[in-house]
Amino acid sequence: MRKYIIKRLIMLIPVLLGVTFIVFLLMYFAPGDPVQMLLGDSATQAEIDALTHELGRDKSFWGQFFSYVGGLLRLDFGTSYFTKTSVLKEILTRFPNTVILAVFGCLLSVLIGISTGVIAAVKQYSIFDNIATAIALIGVSMPSFWLGLLLVMLFALNLKILPASGSYGPAYFVMPIICLGVNGAANIMRTTRSTMLETIRQDYIRTARGKGQTEWNVIMHHALKNALISIVTVIGVLFGNLLGVTTVLCETVFAIPGIGKFLIDSIGKRDQPCVMGCVLFMAILFSLVNLGVDILYSYIDPRIKSQYENASKVKKAAVKESST
Amino acid sequence: MEDKKVLLDIRNLTVQYKTRKGTVEAVNNIDLCVNKGETIGLVGETGAGKTTTALAIMGLLPVPPAVIPNGEIFFDGEDLLLKPEKEMRKIRGGKISMIYQDPMTALNPIMTVGDQIVEMIVLHDRCSAAEAQTKACEILEMVGIPAVRFSEYPHQFSGGMKQRVVIAIALACNPSLLIADEPTTALDVTVQAQVMEMMNKLKRELDTAMILITHDLGIVAEICDKVAIMYAGEIIEYGTAEDIFDNHRHPYTEGLFGSIPNLEEDQDRLSPIPGLMPDPTTLPEGCNFAERCPYAKPECSRGAVMTSRLSKTHVCRCIMAEKEV
């Protein structure tokens, strides 16, 4: 198992290199010059040339790329063109806000999604099931930023019980978390319902009932645990997305200074080191979440665990054979 | 001898599945009686209603779509169909338990086999977790699986061993009635023989009554005291093993025996019963078998066929049954 984890961590390197290259390429060819933005319209050509040289933007594409990758190897994400502070520092100061949003958003999704999904599956075609499925369909189809705006209208403008934007205390996080949670809950509910429906028709569920087991235990211990594999997959993807893509929109709508908002602002200013840093940071987080999900699988399903273990055993045996 | 005491008495049981395409008449007015310690073979082709009968006894029919419009299932003198779910739970597994058809899917893939046996014991016997564990190990040994494999998962076992585990779960609480639903169909012939021998031995040791569902007449001959032949949801012939094997009266039973290839003669082809079982959503009037019966007469398709009692033990549902005697 440890070997498997190490192998997966090593696999991260080519992934990150690929991400670096693609984003770097996009930023290189993107229209708009940060130097122009820094100096304003009144700058002379000499000033522009000097700053371009200072930022290293006069080098060729490959020259710029390799000097950036070289920096990365020293864990140097560069400094922001505009604030002149280290990109890593900028990211880390904003990271807690994003984490709060992602973790609580995910928690809310899991709590609502799994419970309603299980009830809907157990009481298939009941009124509860029909209503929950309909709401979930709306939940997955609704863009989160639009829901965010609706929430602002309701809670901030009409009811005046929650602040509309900013991050000056726990109350400011309530709406963004609801906004993220609704979409995630809808996703998880739909998966939970469909996998539970499949699982409760399995023979081993009948075996459990045939033992005289209570319905609660049959559903919770036998059915839900088996259904959890697919549900955990969805939760993993959801959490990865929450750390990256989804929060970008949500943080922008609610003006919460997290990584997402930082990324959007940096793109607007063509602040290349910051954009690169944010994207790489998100890519690493996403990969780690995926790895976490894969490790979680092996704790849920013994068949997957034995696969990981067997793979290393088979290889060991092959190595031994070839060496003798 | 005391073993003449009635354990299970099914009277006039009908089970239907209500589907969108119509009502599937899976089991139609069957009567079946099992005495203590007795083994009954329930024989018939796929779709004859054998498993539905078994699930009805267990109270495990999927509702909906299943409905039981009429009938009674008396177990130890009490009608199981009228029992509340809470009491049924105590009977299920404790007094009546079932060996399921497909051992590959009957075990929970993410629970160790030991835990699956312990679960059964804890539910029905008042004992501590440690006691249950020791008992589960004993049962594993009894069905021929070393107790060290207690904490292994189903995927680490072969098909035959999984079936043994399923049997171990079924026998864990010494049930007075064991329903074995094709316990050997998924296994190859050598393992089949082992499993049957083991079940026979366990049955003798624990004095359990058994309903053996199968389409293997060889197994029936080996271990059954009585045999019920099912066709299209009806028991068409019922009697002691001798009645059925040496003295069968129903043309379908005759056809069943006729389709077993003879080892002594040089046969190139099997001699099956021509035709297919009628569609259970639209059963014919009169005898269900009339369409395939070589002796069918016009009156076979007119009106319900009554069962005729040929002897104290032998019952047959055919209008010709008595005439031929």
Side-chain angles (χ1 to χ4, degrees), chain A residues 1 121-127 129-130 195-233 293-311 313-314, chain B residues 51 54-55 57-65 85-113 115-125 151-156 162 165-166 169-170 172-173 175 178-179 181 186:
Chain A
M1 198 62 206
V122 173
K123 307 237 176 274
Q124 194 190 6
Y125 303 134
S126 65
I127 299 171
D129 179 31
N130 287 332
T195 39
M196 277 297 282
L197 281 177
E198 213 174 282
T199 322
I200 52 182
R201 279 170 182 58
Q202 295 290 326
D203 283 352
Y204 54 80
I205 297 302
R206 197 177 58 192
T207 310
R209 288 208 178 101
K211 287 176 182 172
Q213 186 60 277
T214 57
E215 197 57 23
W216 170 265
N217 278 338
V218 169
I219 298 299
M220 296 320 255
H221 292 297
H222 290 273
L224 184 58
K225 270 192 190 166
N226 273 286
L228 224 47
I229 291 276
S230 326
I231 301 172
V232 163
T233 312
V293 168
D294 284 351
I295 294 169
L296 211 55
Y297 282 162
S298 68
Y299 283 98
I300 298 170
D301 194 335
R303 285 167 296 183
I304 295 175
K305 192 171 191 174
S306 73
Q307 259 175 26
Y308 291 162
E309 281 161 2
N310 280 347
K313 267 182 208 160
V314 169
Chain B
T51 304
L55 291 177
I57 299 170
M58 290 288 285
L60 284 178
L61 283 171
V63 182
E85 174 61 23
K86 208 176 163 188
E87 280 178 50
M88 266 315 280
R89 249 184 249 137
K90 282 184 196 148
I91 291 174
R92 229 182 264 147
K95 292 187 177 140
I96 309 176
S97 66
M98 187 160 168
I99 297 169
Y100 300 90
Q101 202 163 0
D102 187 355
M104 301 302 171
T105 55
L107 293 172
N108 189 338
I110 60 168
M111 251 173 114
T112 65
V113 294
D115 284 344
Q116 299 193 45
I117 301 173
V118 166
E119 185 185 20
M120 180 80 149
I121 299 171
V122 169
L123 278 170
H124 297 285
D125 294 355
S151 46
E152 284 185 25
Y153 291 93
H155 71 270
Q156 289 162 296
K162 272 188 218 168
V165 174
V166 174
I169 294 174
C173 295
L178 179 67
I179 305 170
D181 188 0

To the nearest 0.5 Å, how far apart are CG in B:L60 and CE in B:M88?
7.5 Å
Segment of B:L123 engaging chain A (4.5 angstrom heavy-atom cut-off):
side chain
Identify which part of B:M111 has an atom lying under 4.5 Å from any heavy atom of chain A, answering side chain, backbone, both or neither.
side chain
Closest non-hydrogen contact found for B:Y100 with A:G210 is OH-CA, 3.4 Å
Structural part of B:T105 lying under 4.5 Å from a heavy atom of chain A:
both
Approximate separation, where rounding is to 0.5 Å, of A:T195 OG1 and A:I200 CD1:
10.0 Å
Selection from B:E119, B:K86, B:M58, B:K90 maximising heavy-atom pairs under 4.5 Å formed with chain A
B:E119
State the CG-CD distance between A:N130 and A:Q124, to the nearest 0.5 angstrom.
9.5 Å
Taking every non-hydrogen pair under 4.5 Å, which of B:N108, B:I96, B:L107, B:L55 racks up the most with chain A?
B:N108
Chain A contact via B:Q116 - side chain, backbone, both or neither, heavy atoms under 4.5 Å
both
What part of B:M98 lies closer than 4.5 angstrom to a heavy atom of chain A: side chain, backbone, both or neither?
neither
Closest-packed option against chain B by number of heavy-atom pairs under 4.5 Å, given A:R303, A:R201, A:K225
A:R303
So, A:R209 side chain and A:V218 main chain: donor-acceptor pair closer than 3.5 Å or not?
no
So does B:S151 get a backbone contact from the side chain of B:T112, meaning a donor-acceptor N/O pair under 3.5 Å?
no
I need the residue from A:Q202, A:H221, A:E215, A:R206 with the largest number of non-hydrogen atom pairs under 4.5 Å to chain B.
A:R206
State, yes or no, whether a side-chain contact exists between A:N226 and B:P109 at a heavy-atom distance under 4.5 Å.
yes
Which atoms of B:I91 approach chain A - backbone, side chain, both or neither, heavy atom under 4.5 Å
neither
